[in-house]
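Worksheet: one structure, shown below.
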Amino acid sequence: MNVNQHSSHPDQDPFGLSAFSDGLYIGGAWRPAAGEGRIEVIDPSTEAVIAAVPDATLADAATAVEAAASAAESWRETPPRKRSEILRRCFELMVERSETLARLISLENGKALRDARGEVAYAAEFFRWNAEEAVRISGEFGIAPAGGNRIVVDYQPIGICVLITPWNFPAAMATRKIAPALAAGCTVILKPASETPLTAYALAALYEEAGVPPGVVNVMTTSTPVPVIAAMLADPRVRKLSFTGSTGVGRTLLAEAAKNVISCSMELGGNAPFIVFDDADIDAAIEGLMVAKMRNAGEACTAANRIYVQSGIHDAFAEKFTRRMAALRVGPGVDPDTECGPMITRKAVEKIERLVADAVSRGGHVLCGGRTLAGRGFFYPPTVLVDVAPASDMGCEEIFGPVAPLYRFETEAEVIAAANDTEYGLAAYIYTRDIGRGMRVASKVEAGMIALNRGLVSDPAAPFGGVKQSGLGREGGQHHGIAEFMEAKYIATSF
Ligand code: NAD
C-alpha cells in the first residue's frame, strides 16, 4: 500500500485557516503574539506543513489573564438561562459545521474521518449537556444538628481557569472543559497542544459567533508551555488548572499549581486492561475490542493496552481478532475509506517500534503487522502480539498506537491482580456472560471507569476520570463536571 496516494494537503483554504492562523484569540480579538515565533502544524499523513500559528510568550500570558479577568464579573453575573442559551448555540453551530470540523481534525491529527466525525459529535454534546446543566446549579439549605444556626451553601464560580489539552482529541478535550467552566460562570484560557491547534482556533471563532462574550474564552498556542503556564498560575486571579495529558506532565503541573494552592483537575494517562472470560460472547468481545483498541488508531487514553484472554478461548480469540486487525485499511485520515490513520509524529512511531521490539525480545510473537510502513507519513500498521511477557515495556507503558498485546490467564483472581498491577487506573473492559462475575470483577478492578460487555465508556452524561496516577477529579456527569469549576460557600445564619 502506498499511503501517499491520497494527498490530504488542501489546495485552497476550505477550513478558513487564514482567518485565524495569524493571531492568538484573546479578549475576543485575533492578536499577533508579542514575539515573532511561529509553530508549524504538520499533516501526519504527508508530513507537509499545513499552517503556522503564533507562539505566545510571557507577555501574551499576562494579556490573556487580563482579558479573562476583565470578562469575569459580567460573565458570572450573566443569568444562567442566558449562559445556557449561548452554550446551546455553540452545540448547534458545531453540529451544523460538523463535517468541516471533522475534516480539520483529520487533517491536523491524522485520525480517520469516521473517528473525527465521532469526536465532533462527542465534543458538541458537552455544550448541549452543559447548556442543560447550567440552569440546574443549586445550593443547599440545612439546620445545624445542634440547632440554632442554619446552613446555607452557595455554589460559586471558582475564578479564572487555565485549561491545557492534548492533541489526541483536539475538539473534545477542549469542549469537555470549556462547556462546564462557562456553565459554572467562569472565564477561561485554553492552551491547546502545539500539534493540533487549528481545531481549537476554529472553535474559538465558532464560540464568538454563538455569542460567547469577549474574554470569556481565550485561546493561545505556545512552544514554551513551561514558563507560559507557570506565569499564568503565578497570577493570584487564576484559581483553577484543568489539565488533560500525560501523567508525567500532570505531576509537574501539580507541583507548579501547589505554589499558589490552585485547584487542579487532572485527566492523565491510562493502561487499560481488557479482560475476556471463557464464557464471553467472543464475537461481541472482538467487536468491543476493535473499538476499545482501534478508535483513533489506538491514540486514546482509554485504549485497551493489555488484553487478557482466558486460556479456554485464547487461541480462537487471537485468530479471529488477528483477521479483523489485518483487514483494516490504513491510510490518510481524510480519506473516507481509512480505518486506521497515521500516528501523530515520527517520535510516536519510534516509541511503538521500541515497545514492539522489546516485547519480541522477551518472547512475544507477532501475528500481524509489527513493522513501520514505508513512505511518507507516520504510519504504523495494526499489530497483534501473543505470548507477551507481563513485564514487557508495553505492559507497563501506554502504547498509544494500533498494537494489541494478548496475555493468557487462568483464573479470575489472577486476572484481577494482573489488571491492578499498574500505577494507572483510568478505564477497564470486562467481557463475560455471567453478570454476577462481571459486577464482582468491576468492583475489584482499580479504575475510574469500567465498560462491562462494551467497548466504549465515554459519555458526556457520565463522570469521566481516573483513579491512582490516572488523575484527579471528573469531567462530564450530572454534577461532577461543573463542580470542578465551582467552590462551595457556606453561610451560617440564624433567624
Ligand atoms: P502531554 O502531557 O505531552 O501534553 C499535554 C498538553 O500539555 C499539551 O498541550 C502540551 O503542550 C502541554 N504541556 C506539555 N508539557 C507541559 C509543561 N511542562 N507545562 C505545561 N504544559 C505542558 O500529552 P500528549 O502527548 O499531548 O497527550 C497524550 C497523553 O494524554 C496520554 O498520556 C493520554 O493518556 C493522555 N490523555 C488523557 C485523557 C484523559 O481524559 N485522562 C484524555 C486524552 C489524553
Side-chain angles (χ1 to χ4, degrees), residues 39 41 44 53 55-56 61 108-109 111 119 122-123 126 162-177 189-197 199-200 219-234 238 241-257 262 264-272 295-305 343-345 347-348 351 396-401 422-427 447-449 457-460 462-477 480-481 484:
I39 303 170
V41 185
V53 294
D55 190 358
E108 66 173 348
N109 168 284
K111 70 176 68 178
E119 180 183 346
Y122 176 55
F126 284 101
V162 170
L163 316 176
I164 305 176
T165 50
W167 48 263
N168 66 337
F169 288 92
M173 296 304 95
T175 63
R176 202 164 75 174
K177 298 182 189 304
I189 302 154
L190 170 70
K191 193 216 83 63
S194 297
E195 294 85 350
T196 56
T199 305
V219 182
M220 50 184 280
T221 34
T222 179
S223 65
T224 52
V226 177
V228 166
I229 298 294
M232 290 199 272
L233 299 184
V238 171
L241 170 63
S242 179
F243 171 74
T244 298
S246 59
T247 295
V249 172
R251 278 190 207 107
T252 309
L253 285 168
L254 281 167
E256 195 61 43
I262 290 172
C264 289
S265 298
M266 295 274 143
E267 296 287 348
L268 307 177
N271 182 5
R295 193 166 62 108
N296 269 6
E299 292 178 317
C301 53
T302 50
N305 211 58
M343 303 295 95
I344 188 73
T345 54
K347 206 170 142 207
K351 176 184 174 183
C396 314
E397 295 176 40
E398 284 187 290
I399 300 169
F400 241 62
T422 168
E423 73 204 36
Y424 295 105
L426 192 60
M449 298 172 288
V457 282
S458 307
D459 189 314
F464 189 107
V467 300
K468 294 158 80 176
Q469 295 195 34
S470 284
L472 299 169
R474 294 292 181 270
E475 293 189 323
H480 307 79
E484 301 280 328

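Ligands are counted one by one from 1 in listed order, and the atoms in each one are counted from 1 as well. Starting from 1, each residue takes its place in the sequence as its number. Keep in mind that the numbers below use all heavy atoms, side chains included, and drop hydrogens, waters and symmetry copies. From a predicted model like this one, the values you see are computed outputs, not experimental measurements.
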Non-neighbouring partners of Lys351 that pass salt bridge (Lys or Arg N to Asp or Glu O under 4.0 Å), sequence neighbours left out: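 For Lys351 there are no salt bridge (Lys or Arg N to Asp or Glu O under 4.0 Å) partners, ignoring immediate neighbours.
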Considering residues at least two apart in sequence or located in another chain, which fulfil the salt bridge (Lys or Arg N to Asp or Glu O under 4.0 Å) criterion with Lys177? Glu475
May I ask you to decide whether Arg251 forms a salt bridge with Glu423, counting only side-chain N to carboxylate O separations under 4.0 Å? yes
With sequence neighbours left out, what residues match Ser458 under side chain to side chain contact (heavy atoms under 4.5 Å, CB included)?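 Applying side chain to side chain contact (heavy atoms under 4.5 Å, CB included) to Ser458 gives Tyr122, Arg295, Phe464.
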Closest heavy-atom pair and its distance - Thr224, Pro227: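 Smallest heavy-atom distance, with atoms named: O-CD, 3.3 Å.
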What's the separation between atom CZ in Phe169 and atom CG in Asn296, rounded to the nearest 0.5 Å? 4.0 Å
Sub-4.0 Å heavy-atom environment of ligand 1, residues by chain: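 Contacting ligand 1 under 4.0 Å are Ile164, Thr165, Pro166, Trp167, Asn168, Met173, Arg176, Lys191, Pro192, Ala193, Pro225, Val226, Ile229, Phe243, Thr244, Gly245, Ser246, Val249, Leu253, Glu267, Leu268, Gly269, Gly270, Cys301, Glu398, Phe400, Leu426, Phe464.
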